[in-house]
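Just so it is clear: chains get the letters A, B, ... in the order the sequence lines come, proteins before strands, and each one is counted from 1.
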Amino acid sequence: MSVNFQSIRFGAVEIDQRDVIEFPFGLIGLGGLQYTLLDRNPGSGFLWLHAVDNAALALPVISPQQFFPSFSLEIAPEDRERTGIEGVEPSELYVTVRATPDPADITANLRAPLVIREGHGYQVLNVDEDAPLQAPLFALPMQSQIAS
Amino acid sequence: MLILTRRPGERVVIGDEILVTVMGVSGHTVRLGIAAPEGIPIYREEIWLAVMEENRAAAEANADALPATPPTDTPKQP
């Protein structure tokens, strides 16, 4: 069975019912109870976590391991208790991306990753001390030159 | 805002299901115990605000705001 919804970014979108992800508590400060993952630029590494119930609500996300090989997740104890999630597979993990006009300024939020498992999604707090709210995705070209 | 004075060990009940206990007071620090129905998210305010700000900033992105280049083409410096 398919689900149709409108997107202010992408127009009419049709997805399979099985690709609807229930977020029982929405995203922190944003809400939204049903989302789906859209791959609008295959191969780019970026996906869109798009609300099914809100045409304007969508966030770019990435797989953290793809950009940050040393990424590690330590779920806050209260979130472990709340969600019942303990160990997480890399394929179940996403982090939100703050897009900027200059790609050098794009950052990812490693502090509050999304765990998506079996049709359910949760935003959890990562208490790993090396997980910043704004981790730069790309090195600045100037820095590369200096480094080399 | 409702303001209540409580001593260590005393509680505040919110609705029928949320129980806040003053566990102890030490100098300028208060320890709270919070019992809420399973599933209700509870955050320290500063982290809640910070994550909300990141989520909202992320949700402002336009459809063409992201680079089409695979991330592996622009490796980060160690």
Side-chain angles (χ1 to χ4, degrees), chain A residues 7-10 24-25 27-30 32 40-41 43-46 48-49 51 56-62 66-69 76 78-79 81-84 95-101 103-104 106-109 111-112 122-125 133-134 136-141 143-144 146-148, chain B residues 1 6 8-9 11-26 29-78:
Chain A
S7 165
I8 63 166
R9 293 174 178 81
F10 308 117
F25 306 100
L27 298 185
I28 296 172
L30 283 183
R40 306 299 292 203
N41 301 94
S44 72
F46 295 97
W48 286 87
L49 184 70
L57 182 52
L59 303 82
V61 298
I62 55 166
Q66 192 177 350
F67 287 74
F68 304 96
E78 58 269 30
D79 278 345
E81 191 176 328
R82 176 169 71 87
T83 61
V95 292
T96 62
V97 170
R98 183 194 272 254
T100 54
I106 297 178
T107 59
N109 179 1
R111 192 75 199 283
Y122 303 92
Q123 188 164 31
V124 297
L125 295 184
L133 280 159
Q134 296 180 3
L137 246 59
F138 303 109
L140 296 169
Q143 285 180 339
S144 310
I146 293 166
S148 60
Chain B
M1 181 189 292
R6 301 274 71 193
R11 292 173 170 174
V12 171
V13 182
I14 302 173
D16 283 340
E17 296 187 306
I18 299 174
L19 204 56
V20 181
T21 307
V22 180
M23 308 297 288
V25 180
S26 172
T29 305
V30 179
R31 293 183 75 230
L32 300 175
I34 302 164
E38 190 175 342
I40 288 192
I42 299 168
Y43 305 107
R44 290 168 179 81
E45 184 194 30
E46 59 273 21
I47 185 68
W48 175 76
L49 284 171
V51 174
M52 180 167 67
E53 168 64 23
E54 287 307 309
N55 280 349
R56 290 185 174 174
E60 286 174 8
N62 297 321
D64 58 357
L66 301 166
T69 318
T72 47
D73 287 357
T74 49
K76 292 195 307 172
Q77 293 299 307

Mind listing the closest non-hydrogen atom pair of A:Phe10 and B:Ala63 along with its distance?
-> CE2-CB, 3.7 Å
List the atom of B:Tyr43, the atom of A:Arg82, and the distance in Å for their closest heavy-atom pair.
-> OH-NH2, 3.6 Å
Options A:Asn41, A:Leu133, A:Leu27, ranked by heavy-atom pairs under 4.5 Å with chain B, top entry = A:Leu133
Working to the nearest 0.5 Å, report the span between CD1 of B:Ile40 and CD of A:Glu78.
-> 14.5 Å
Closest non-hydrogen atom pair, A:Val97 against B:Ala58 = O-CB, 3.1 Å
So which of B:Ala57, B:Ala61, B:Ala50, B:Ala36 has the biggest tally of heavy-atom pairs under 4.5 Å with chain A?
-> B:Ala61
Pairs of heavy atoms under 4.5 Å with chain A: top-ranked of B:Asn62, B:Leu49, B:Ile42 | B:Asn62
Of all of A:Ala76, A:Pro24, A:Gly29, A:Ala56, which one pairs up most often with chain B through heavy atoms under 4.5 Å apart?
-> A:Gly29
Side-chain touch B:Glu54/A:Gln134, heavy atoms, less than 4.5 angstrom | yes
Toward chain A, the part of B:Asp64 with a non-hydrogen atom under 4.5 Å = neither
What are the two closest heavy atoms between A:Leu30 and B:Arg56, and how far apart are they?
-> CD2-CG, 3.6 Å
Around B:Arg11, counting heavy atoms of other residues, nucleotides and ligands shown, do more than 12 lie under 6.0 Å from its CZ?
-> no
Does the side chain of B:Pro67 reach to within under 4.5 Å of the side chain of A:Ile106, using non-hydrogen atoms?
-> yes
One option among A:Asp79, A:Leu125, A:Thr83 has the most heavy-atom pairs under 4.5 Å with chain B, and it is A:Leu125
Would you say A:Trp48 and B:Leu66 make side-chain contact, with heavy atoms under 4.5 Å?
-> yes
Heavy-atom pair with the smallest gap, counting every atom of B:Glu60 and A:Arg9 = C-NH2, 4.2 Å
Please answer whether the main-chain N or O of A:Ile28 pairs with a side-chain N or O of B:Asn55 as donor and acceptor at a distance below 3.5 Å.
-> yes
